[in-house]
Amino acid sequence: MAKRIEFAQHGGADVLNLVDYSPVNPADNEIQIENRAIGINFIDTYVRSGLYPVAKLPSGLGTEAAGVVVKTGAHVTGFKPGDRVVYAQGPLGAYSDVHNVPESAVAHLPDGITFEQAAASSLKGMTVYYLFHQTYQLKQNEVFLFHAAAGGWA
């Protein structure tokens, strides 16, 4: 048995419940990860509220975490049990002890980065990368204002 946070109806934080569940074996291209730290993102409130619909209820929550590989699917080649990993934009359900994530959403976690640092910064780092390299290419010595203190609504 493992634990996860799920919601069976849309609403505020009061709809979140800590429940027991039995993780299923990973699919062929999935990695089963024992989460050690979970990233909290504002978009999670949109999912919980129903603004961003989920496939079915009850649903898990969260898409970003860091942990250790427990099992791998039959077609996974880049990871093995015991590897330290981080993932962002995996399927809903990161608010859990154990989560199955597609291999394509997982990266190896260097020893010098803690689980907490990785879970708190992966999605934010990818966002900054695409803003500064794909949305607008920053130039050397260019002055810019990067403002992202808050957004959305609860």
Side-chain angles (χ1 to χ4, degrees), residues 1-8 16-140 144 146 148-152:
M1 271 303 171
K3 298 231 182 249
R4 79 177 194 162
I5 293 179
E6 69 178 28
F7 60 102
L16 299 176
N17 296 298
L18 181 63
V19 300
D20 291 324
Y21 80 106
S22 297
V24 298
N25 284 324
D28 287 346
N29 292 80
E30 288 183 332
I31 299 170
Q32 188 170 85
I33 300 166
E34 180 183 280
N35 290 329
R36 300 288 175 87
I38 299 162
I40 307 288
N41 295 291
F42 198 83
I43 195 170
D44 298 338
T45 65
Y46 294 158
V47 173
R48 183 198 71 223
S49 73
L51 183 63
Y52 291 4
V54 297
K56 65 177 188 146
L57 293 173
S59 175
L61 191 61
T63 62
E64 179 179 26
V68 176
V69 174
V70 179
K71 297 178 186 175
T72 59
H75 297 149
V76 172
T77 59
F79 299 89
K80 64 185 181 324
D83 285 351
R84 290 168 32 92
V85 296
V86 60
Y87 62 92
Q89 294 307 295
L92 288 175
Y95 291 16
S96 61
D97 291 336
V98 177
H99 191 42
N100 293 345
V101 181
E103 180 179 19
S104 61
V106 180
H108 288 276
L109 182 59
D111 289 338
I113 299 175
T114 68
F115 293 119
E116 293 82 6
Q117 290 167 330
S121 64
S122 293
L123 181 60
K124 290 87 171 162
M126 287 189 284
T127 301
V128 170
Y129 180 85
Y130 97 79
L131 287 172
F132 290 177
H133 293 279
Q134 294 176 325
T135 302
Y136 177 78
Q137 181 67 49
L138 288 177
K139 296 164 190 67
Q140 186 173 352
F144 66 94
F146 180 63

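Model, not experiment: these values are computed from the prediction.
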For G73 and P26, which heavy atoms make the closest approach, and how far apart are they?
N-CG, 4.0 Å
Rounded distance [0.5 Å steps], CD in E103 versus OG1 in T77:
5.0 Å
Identify the two heavy atoms, one from L109 and one from A118, that lie closest to each other, and give their separation to 0.1 Å.
CD1-CB, 3.5 Å
Would you indicate whether the side-chain heavy atoms of V85 and I31 approach each other to under 4.5 Å?
no
Could you state the interatomic distance from OG1 (T63) to CG (L123), rounded to the nearest 0.5 Å?
6.0 Å
Ion pair present between D20 and K3, side-chain N to carboxylate O less than 4.0 angstrom?
yes
In terms of heavy-atom contacts, A105 and V101 come closest through CB-CG1, 3.9 Å
Using side chain to side chain contact (heavy atoms under 4.5 Å, CB included), reason through K80 and V69 one step at a time and then give a plain yes or no.
CA-CA 7 Å; K80 64 185 181 324; V69 174; 6.0 Å; no
Any chance you could measure D44, atom CG, to F7, atom CZ, to the nearest 0.5 Å?
9.5 Å
Work out which heavy atom in P58 is nearest to a heavy atom in E6; give both atom names and the distance.
CB-OE2, 3.6 Å
Atom pair NE2/CD of H99 and E30 - distance to nearest 0.5 Å
8.5 Å
Please tell me if the side chains of N35 and Y95 come closer than 4.5 Å, counting only heavy atoms from C-beta onward.
no
Just by distance, do the side chain of R4 and the backbone of V19 share a donor-acceptor pair under 3.5 Å?
no
May I ask you to check whether over 12 heavy atoms, not counting those of Y129, lie within 6.0 Å of atom OH?
no
P102 and N29, any side-chain heavy atoms less than 4.5 Å apart
no
Check A8 against L57 and note the closest heavy-atom contact, atom names and distance.
O-CD1, 3.5 Å
Students often mix this up, so state it plainly: with edges at 30° and 60°, are the rings of Y52 and Y46 parallel, tilted or perpendicular?
tilted
Please report the C-alpha distance between L131 and Y136 in whole Å, then the side-chain angles of each, then the deciding distance to 0.1 Å, and finally whether the side chain to side chain contact (heavy atoms under 4.5 Å, CB included) criterion is met.
CA-CA 6 Å; L131 287 172; Y136 177 78; over 6 Å; no
Tell me the closest heavy-atom pair linking S96 and I38, and the distance in Å.
N-CD1, 3.7 Å
Atom CD1 of I33 and atom CG of D97: how far apart are they, to the nearest 0.5 Å?
13.5 Å
Stepwise, does the side chain to side chain contact (heavy atoms under 4.5 Å, CB included) test hold for M1 with S22?
CA-CA 5 Å; M1 271 303 171; S22 297; 3.8 Å; yes
Near K124 NZ, under 6.0 Å, is it more than 12 heavy atoms from other residues, nucleotides or ligands?
yes
As an exercise, state the distance from CD of E64 to CD1 of I43, rounded to the nearest 0.5 Å.
11.0 Å
